[in-house]
Amino acid sequence: MPGGTVPGRRLQECARVLARGDSPGTTIAGVARRWGSISSAHFSRAFRTAYGMSPSEWRDTGAGTEPPAWADGTRRSIH
């Protein structure tokens, strides 16, 4: 299962929420805070490192409900 680390799992859940787009009024910062990220900038950097695109690009392109298998958030820690 992708996201073998706690930070990786959090990124994976954020990616799923952003891809679903089921909460149109939800901001990227709000999603990040809900899953434990205090800094929006840090979250965006970690997301880009893990997924190869920014959280807004991920959301806007409809990247799918499942993050790709390689995007497990383990490339770099987001602590």
**Prompt:** Considering residues at least two apart in sequence or located in another chain, which fulfil the side-chain contact (heavy atoms from CB on, under 4.5 Å) criterion with S54?
**Reply:** R48, S56, E57

**Request:** Salt-bridge test for E13 and R10: reply yes if a basic N is under 4.0 Å from a carboxylate O, no otherwise.
**Result:** no

**Asked** CD of Q12 to CZ of F47: how many Å apart, nearest 0.5 Å?
**Response** 10.5 Å

**Message:** Working to the nearest 0.5 angstrom, can you tell me the gap between C14 SG and R59 CZ?
**Reply:** 13.0 Å

**Prompt:** Taking only residues two or more places apart in sequence or in another chain, which ones pass side-chain contact (heavy atoms from CB on, under 4.5 Å) with S44?
**Reply:** P55

**Message:** For a 4.5 angstrom cut-off between non-hydrogen side-chain atoms, does R33 reach I38?
**Reply:** no

**Item:** Side-chain heavy atoms of L11 within contact of Y51, under 4.5 Å
**Value:** yes

**Item:** Side-chain heavy atoms of W35 within contact of V17, under 4.5 Å
**Value:** yes

